[in-house]
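All remarks here apply to the structure that follows.
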Amino acid sequence: MRFVIADDHPLFREALSSALKPLFEGLEVLEVGSAAGLIELISKNNNIDLLLLDLSMPGANWFDTLISVKQRFPGLPIVMVSANDDIDVISQAITLGASGYITKSTPTDSIAEAIDIVLSGEQWLPVEIAAQMTEHSGDMNDMLHRFKELTPKQVSVLKFVRAGLMNKQIAHELNVTEATVKAHISAALKKLNINTRTQAVLLMDKLQIN
């Protein structure tokens with residue numbers, strides 16, 4: 001069995017690795033401290049059983065790494081590991097494809113239990129967080145589902161819009177025509193059920209998508 005721990009703090013990686021190895025027979029743990037290094041590591045090792053992913057990795061912002069890994073390696077189970085226990089953040093992580101969410105204060109035995117459940121194909125959340133998720137408004141999840149319907153080109157265009165670029169500048173950056181940029185923006189706004197560029201920027205800010 002092979003796990004990857006992706007976290008920018010070497011001491012945390014070492015501590016988690018040492019805690020897990022006695023609990024999983026024959027476990028091999030690979031460690032990485034950056035988003036770019038993570039993608040390279042997974043690409044070179046196609047027999048990884050689980051990724052334990054820090055929410056904020058160097059070289060990425062919030063959920064960028066989760067989204068990138070799920071797009072490239074859709075079959076790899078991912079458990080987010082973070083000190084952040086905000087219910088909106090956890091909800092977004094699960095909606096974007098994480099199979100579980102573990103806070104860094106979680107006892108080792110509970111982490112092992114979570115991993116067993118995720119490896120069996122199910123999702124895992126701490127009981128108290130799962131209860132909050134049940135009560136949590138579905139608005140954020142609805143927005144995330146709509147955002148996930150965008151094509152990569154549409155997401156790229158919206159990122160440039162968020163950065164303040166005009167259509168002509170975006171066209172230059174993507175090496176396409178202004179008409180193509182307008183078409184991407186129009187299609188994206190329709191999928192997101194909004195009407196203006198400003199609304200798109202506000203939505204990306206709210207979802208913490210960079």
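Index from 1, following the sequence.
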Under 4.5 Å between side-chain heavy atoms, hopping through other hydrophobics if needed: is there a path connecting [X] to [Y]?
X: F73; Y: L50; value: no
X: L16; Y: L38; value: no
X: I111; Y: V29; value: yes
X: I115; Y: V4; value: no
X: M1; Y: L41; value: no

What pairs of residues pass the salt bridge (charged side-chain N to carboxylate O under 4.0 Å, His left out) test when at least one of them lies in residues 91-112, not counting sequence neighbours?
D7-K104, D54-K104
Strictly by salt bridge (charged side-chain N to carboxylate O under 4.0 Å, His left out), give each pair with a member in residues 112-123 just once, sequence neighbours left out.
none
Checking T65 against S68 for the side-chain hydrogen bond (donor to acceptor under 3.5 Å, both in side chains) test, could you report, in this order, the C-alpha distance in whole Å, the side-chain angles of both residues, the deciding distance, and whether it holds?
CA-CA 5 Å; T65 307; S68 295; over 6 Å; no
Spatial distance of atom [atom1] ([X]) from atom [atom2] ([Y]) [nearest 0.5 Å]:
X: I78; Y: L52; atom1: CD1; atom2: CG; answer: 10.0 Å
X: F160; Y: H172; atom1: CZ; atom2: NE2; answer: 10.0 Å
X: L192; Y: L158; atom1: CG; atom2: CG; answer: 6.5 Å
X: M80; Y: L51; atom1: CE; atom2: CG; answer: 8.5 Å
X: D86; Y: L55; atom1: CG; atom2: CG; answer: 10.5 Å
X: K190; Y: I185; atom1: NZ; atom2: CD1; answer: 16.0 Å

For [X], check side-chain hydrogen bond (donor to acceptor under 3.5 Å, both in side chains) against everything at least two apart and list the hits.
X: T177; value: T180
X: S120; value: none
X: E40; value: K44

Below 4.5 Å, heavy atoms only, C-beta onward: do [X] and [Y] meet side chain to side chain?
X: V118; Y: Q123; result: no
X: V69; Y: I39; result: yes
X: F63; Y: Q92; result: yes
X: M204; Y: K159; result: yes
X: V81; Y: I5; result: no
X: L53; Y: V79; result: no

How close do [X] and [Y] get, heavy atom to heavy atom, and via which atoms?
X: L189; Y: A200; result: CD2-CB, 4.0 Å
X: D8; Y: S56; result: OD1-O, 4.0 Å
X: A19; Y: T108; result: CB-CG2, 3.7 Å
X: P77; Y: S99; result: CA-OG, 4.2 Å

For [X], which residues count as a side chain to side chain contact (heavy atoms under 4.5 Å, CB included) partner, sequence neighbours excluded?
X: K148; result: L96
X: S186; result: none
X: R2; result: E28, L30, N45, N47, I48, D49
X: Q154; result: L150, T151, H184, A187, A188, K191

Pairs in or reaching into residues 3-43: which pass ring pair (Phe, Tyr, Trp, His ring centres under 6.0 Å), with residues at least two apart or in two chains?
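Sorted pair list: F3-F24.
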Filter on ring pair (Phe, Tyr, Trp, His ring centres under 6.0 Å), then keep only pairs touching residues 94-114, sequence neighbours left out; what's left?
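Output for this query is empty, none listed.
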Which residue pairs pass the side chain to side chain donor-acceptor pair (under 3.5 Å) test with at least one member in residues 10-27, sequence neighbours excluded?
R13-E31
Test your reading of the model: is there a side-chain donor-acceptor pair from S156 to the backbone of P152, 3.5 Å cut-off?
yes
